Amino acid sequence: MTIQRFRLLKKCCIGLGALASAMSLSSTPAQAAGDLLVAPTRVVLDGQRGTEVILNNIGSETATYRISLELRRMTAEGRLEDVTEEQENDIERAAKEMIRYAPRRVTLPPNQPQAIRLGVRAPEGLPDGEYRAHLLFRAIPVARSVTEQNAPEGGFSISLTPIYGVTIPVIIRQGNLRATAAIANGRLEQQGDGQALTFDLSRTGDRSIYGEIRVTKPGTSEPVMVARGIAVYPEVGQRSVTLPVPPEVAAQLKGPVSVEYYEPANSGGGLIAKTDMVLR
Amino acid sequence: MTKFMKAALASSVLVASVMGANAANAATASADAKANILQQVTVTSDGSDLDFGTIVSGAAAGTVLVNAAGAATCSASIVCSGATSAAGFNVSGTESATVGVSTDASVTLTNANSDTMSASLTPNVTSIVLDGTDAFVVGGTLSVAANQADGAYVGNFDVTVSYQ
């Protein structure tokens, strides 16, 4: 039975992978070793014991990937910062200990997907709350020997290899948790050589909040801009959200707008918070 | 596992129904079709690496800066030549998804004789709202010591695309 299941899984994933790689190939002709696809991009386990995440090698060469569980903390700017082992608190340590995953290292030929199994074993008497860790998928670069390179005479050459990867959150909810959010202080800011819409997103309650931001002009139903996948994690009560906007969108945003925060469609799509504001 | 089984079964059901339609029009049958579509993310290199070109060190220390466009700015104390480039990456995923971009702040480069140099790294963006044509670049500043030893220097640095 297990073997049969695995075959079915393999069949379906190859289809998914082939589709995804066909899509990415059209936009990026040059593919290097280490290119990767990860799906889904967020895992929430609210009572379920486990799930799977698909990792696919979308590069043109065989690559080895390492999968690891990392801790991140959200900053007031909404960035996710690494947490070192010394900085771990009890909640983070509990999250890391209850999440099981396998395999942790996998070598994949091009267009070969692999399911990474995730399981949760909550210990007896685990206090109610939200526990979170981040699953990191990263390609291990092919080792290059320094002596293989031709050192130029009377100077030096430099070769820097990027090791690139993706992190997705794995969230475990224990108990009946609630949270609410509010939006305030919206403004258009100069960011680098473009403009950005910035506002504060505050959160109260005992869990994180997650959803999409829609900005609409009064009297229109189509949003001027949409940004999906914006979270406020329990370690912060408030974060700023900075969304880069192209110049033509920035021009449309000026004046009165309505900023709405919705739950994702797959968890109800309800309105979490809404604020009317005037942007300058 | 069951979800994928359902997805796999759904695809075979679809195939079967298409084939069935070709074979016989007389009989009608109904079947449930199910599919579990997952949101995905891909990260790919665009083929260009962070390349500081060829450098000849001098009696004084200096720096080489490679900006997001790949252009180099070289201190007067050292000589730079050759083509330079910033490391480029493409990201794709669900439209309008917001992703964070981060890199190591610095990287240490080592040659065959264990001489070292360090370079600071700067991505040109820290967050992207995906619109289908998304890319980012990583530039940096290489610090070259006075009379830096010759050789081929290599180093690795981490680049991470994070979902919230």
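Any value given below was found using the heavy atoms of this structure, including those in side chains, with hydrogens, waters and symmetry copies removed. All values derive from a computational prediction rather than experimental measurement.
For B:Val64, no part lies near chain A; criterion is any non-hydrogen pair under 4.5 Å. Contact annotation for A:Tyr233: only side-chain heavy atoms (C-beta onward) come within less than 4.5 Å of a heavy atom of chain B. Interface remark: A:Ile171 contributes no atoms to any contact with chain B (heavy atom separation under 4.5 Å). With a 4.5 angstrom heavy-atom cutoff, B:Leu142 touches chain A only via side-chain atoms. Heavy-atom distances place the backbone of A:Thr242, and not its side chain, under 4.5 Å from chain B. For chain A, no part of B:Val79 is nearby; none of its heavy atoms comes within less than 4.5 Å. Only the side chain of A:Met74 has a heavy atom closer than 4.5 Å to any heavy atom of chain B. For chain A, the nearby part of B:Leu109 is the side chain; its heavy atoms alone come within less than 4.5 Å.
Summarising the geometry, atom CG belonging to A:Asp35 is positioned 9.5 Å from atom CZ belonging to B:Phe89; distances are rounded to the nearest 0.5 Å. Here B:Asn156 contributes atom CG and A:Ile163 contributes atom CD1; the two are 4.0 Å apart, rounded to the nearest 0.5 Å. A:Ile158 CD1 to B:Phe52 CZ: the interatomic distance, rounded to the nearest 0.5 Å, is 6.5 Å. Taking NE2 of A:His134 as the reference point, atom OG1 of B:Thr160 lies at 12.0 Å (rounded to 0.5 Å).
Of the listed residues A:Gly165, A:Pro246, A:Pro244, the one with more heavy-atom pairs under 4.5 angstrom with chain B than any other is A:Gly165. When each of A:Ile230, A:Leu80, A:Val241, A:Asn266 is scored by its heavy-atom pairs under 4.5 Å with chain B, the top score falls to A:Ile230. Of the listed residues (B:Val129, B:Val41, B:Asp104, B:Thr133), the greatest number of heavy-atom pairs within a distance under 4.5 Å of chain A belongs to B:Val41.
Counting heavy atoms from C-beta outward, A:Arg138 and B:Asp158 have side chains that approach closer than 4.5 Å. Using a 4.5 Å heavy-atom threshold, the side chains of B:Asp49 and A:Pro162 count as touching. With contacts defined as side-chain heavy-atom distances shorter than 4.5 Å, the pair A:Leu160/B:Val107 qualifies. Using a 4.5 Å heavy-atom threshold, the side chains of A:Leu36 and B:Thr42 count as separate.
Applying the 6.0 Å contact sphere to CZ of A:Arg73 captures more than 12 heavy atoms from other residues, nucleotides or ligands. Atom CD of A:Glu222 has 12 or fewer heavy atoms from other residues, nucleotides or ligands within 6.0 Å.
Side chain of A:Arg228 to backbone of B:Thr94: no donor-acceptor contact under 3.5 angstrom is found.
Side chain to side chain, A:Arg79 and B:Ser162 fail the donor-acceptor criterion of an N or O pair below 3.5 Å. A:Arg72 and B:Gln164 form no side-chain donor-acceptor contact under 3.5 Å, judged by distance and modelled atom types alone.
Tested against A:Tyr164 for a side-chain contact (heavy atoms from CB on, under 4.5 Å), the candidates B:Thr44, B:Val161, B:Val43 yield a single pass: B:Val43.
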